[in-house]
Amino acid sequence: MPELPEVEVVRAGLAPAVTGARIAGVEVLDARSLKRHDAASGDFEHRLTGERIEAAVRRGKFLWLPLASGDALVGHLGMSGQMLLRTPDHPGDDRHARIRLHLEHPEHGELRVDFVDQRIFGSMAVDRMLPTADGEIAGYSADVTGPWARTIPSQVAHIARDPLDPAFRDDEFVRAVRRRASGIKRILLDQGLISGIGNIYADEALWAVRMHGEQPGDTLSPRRVRELLQAVREVLQKALAEGGTSFDAQYVNVNGASGYFSHSLNAYGQTGKPCPRCGTPIVREAFMNRSSHRCPRCQRLRMTRQSTGAPTPTPERRAGSPAPR
DNA sequence: AGTTGACCCTGGTTGC
DNA sequence: TGCAACCAGGGTCAAC
């Protein structure tokens with residue numbers, strides 16, 4: 001279940017191996033992994049072959065490799081995607097290998113990047129670059145000196161900056177959340193507002209600040225939204241430091257080693273286990289065709305608008321049904 | 001424009 | 001034992 005920390009681990013692992021490399025060959029083993037590639041703009045293989053990779057950049061859960069041509073190879077891991085860095089002679093027996101890049105690196109020699117994706121929610125595409133809307137650096141990478149630095153793939157342009165991005169605007173986020181009537185968890189998962197957060201880290205951040213995922217955004221005080229944003233950052237950074245979350249072999253970094261953040265989850269996947277704070281069993285509830293996990297004691301719906309710190313008291317307001325479906 | 005729910009996909013697990 | 005139903009979930013999109 002790759003979210004920001006997992007994708008960043010992949011980006012960081014890929015970067016030194018692919019930066020400066022030339023793409024000597026491309027194998028598309030399963031064209032379904034190219035569903036986001038605009039074939040009208042040219043054949044995937046031909047647009048990549050012979051190109052030089054300039055960097056490895058990430059915004060939220062999207063990853064892209066700027067090319068010398070001015071285009072970029074965009075990758076998204078979906079929920080089961082991996083990018084495995086291999087030697088050219090590695091056996092090609094992966095059941096779910098979808099795309100294979102053969103690289104020639106001036107220092108590291110011949111390399112292979114295998115895009116392996118069991119469920120095909122992920123994808124690769126060659127895309128054109130657009131200037132960033134705010135003129136700032138597009139995403140995270142070690143090097144931001146190239147002409148590509150303030151450009152973003154067209155299919156990533158609608159994705160908001162992630163909360164670890166120095167150009168993320170806290171004030172704008174707080175205002176946007178407080179304009180919305182949707183539950184706060186759905187807001188956290190809206191990649192057009194804040195990117196990089198998925199089901200796992202949403203549940204963990206909400207647990208950390210004792211907030212119910214169905215709490216409407218427009219019932220939250222600015223202070224509470226800022227607390228939540230802070231918790232999101234802490235959860236992401238902690239996971240990043242631990243190498244990402246992995247439950248099974250679904251997520252592995254570029255070397256095939258699993259992350260281990262799953263050992264320190266407080267709510268996600270902890271159904272029936274005692275809340276680490278109060279001991280009440282964590283419950284699992286249906287949410288958007290998936291699941292939410294929360295402590296029924298620590299994380300309750302607040303039926304009244306929380307204090308805004310405004311000079312005049314805010315009227316009470318119903319916060320919506322606490323029972324999901 | 002905000003909101004909501006459905007859909008895509010595979011393979012492991014569950015339940016009859 | 002056999003097989004159908006279910007579950008995992010990020011991102012997109014249609015419908016309202």
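Everything numeric in this text was worked out from a predicted model, so none of it was measured. Here is the naming used below: chain letters follow the sequence lines, and residue numbers restart at 1 for every chain.
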Nearest-nucleotide pick for A/K61, side chain only, options being B/dT3, C/dG10, B/dT10: C/dG10
What about A/R186, does its side chain sit under 3.5 Å from the base of B/dG5 through a donor-acceptor pair? yes
With the side chain of A/S291 defined as its heavy atoms from C-beta on, choose the nearest nucleotide among B/dG11, C/dG10, C/dA8. C/dA8
Taking C/dC7, C/dG11, B/dT10 as options, the one with an atom nearest any side-chain atom of A/R32 is B/dT10
Tell me whether the OP1 or OP2 atom of B/dG2 has a side-chain N or O from A/S182 closer than 4.0 Å. no
Interatomic distance, A/E214 CD vs B/dT3 C1' [rounded to whole Å]: 13 Å
Measure from NZ or CZ of A/R277 to the centre of the six-membered ring of A/W207, then state whether that distance is under 6.0 Å and the direction lies within 45° of the axis. yes
Given atom CD1 of A/I197 and atom P of C/dG11, what is their separation to the nearest angstrom? 11 Å
OH of A/Y201 versus P of C/dG10: gap in Å, rounded? 11 Å
Measure CZ/A/R119 against P/B/dC9 and give the value in whole Å, please. 14 Å
Gap between atoms CZ and C1', on A/F287 and B/dT3 respectively (whole Å): 13 Å
Looking at A/E104, A/H102, A/E51, which hits side chain to side chain donor-acceptor pair (under 3.5 Å) with A/R22? A/E104
Between the base of C/dG10 and the side chain of A/R290, is there a donor and acceptor pair under 3.5 angstrom? yes
Under 4.0 Å between a side-chain N or O of A/H96 and OP1 or OP2 of B/dT10? no
Modelled atom types, side-chain donor and acceptor of A/D117 and A/H96, under 3.5 Å: no
Think A/R36 has a side-chain N or O under 4.0 angstrom from the OP1 or OP2 of C/dT12? yes
In whole Å, I'd like the distance from the NE2 atom of A/H37 to the C1' atom of C/dG11. 19 Å
Would you say A/Q191 reaches C/dG11's phosphate, i.e. side-chain N/O to OP1/OP2 under 4.0 Å? yes
Under 4.0 angstrom, heavy atoms only, what part of the nucleic acid is A/K35 near: base, sugar-phosphate, or nothing? nothing
Considering only NZ, NE, NH1 and NH2 on the basic side and carboxylate oxygens on the acidic side, decide whether A/D30 and A/R32 come within less than 4.0 Å. yes
Using a strict threshold of under 4.0 Å (side-chain N to carboxylate O), is an ion pair present between A/R180 and A/D190? yes
Residue A/N199, side-chain atoms from C-beta onward, closest of C/dT12, C/dG10, C/dA8: C/dG10
Would you mind reading off the distance between A/H158 atom NE2 and C/dT12 atom P, rounded to a whole angstrom? 4 Å
Rounded to whole Å, how long is the line connecting atom CG of A/N289 with atom P of C/dC6? 13 Å
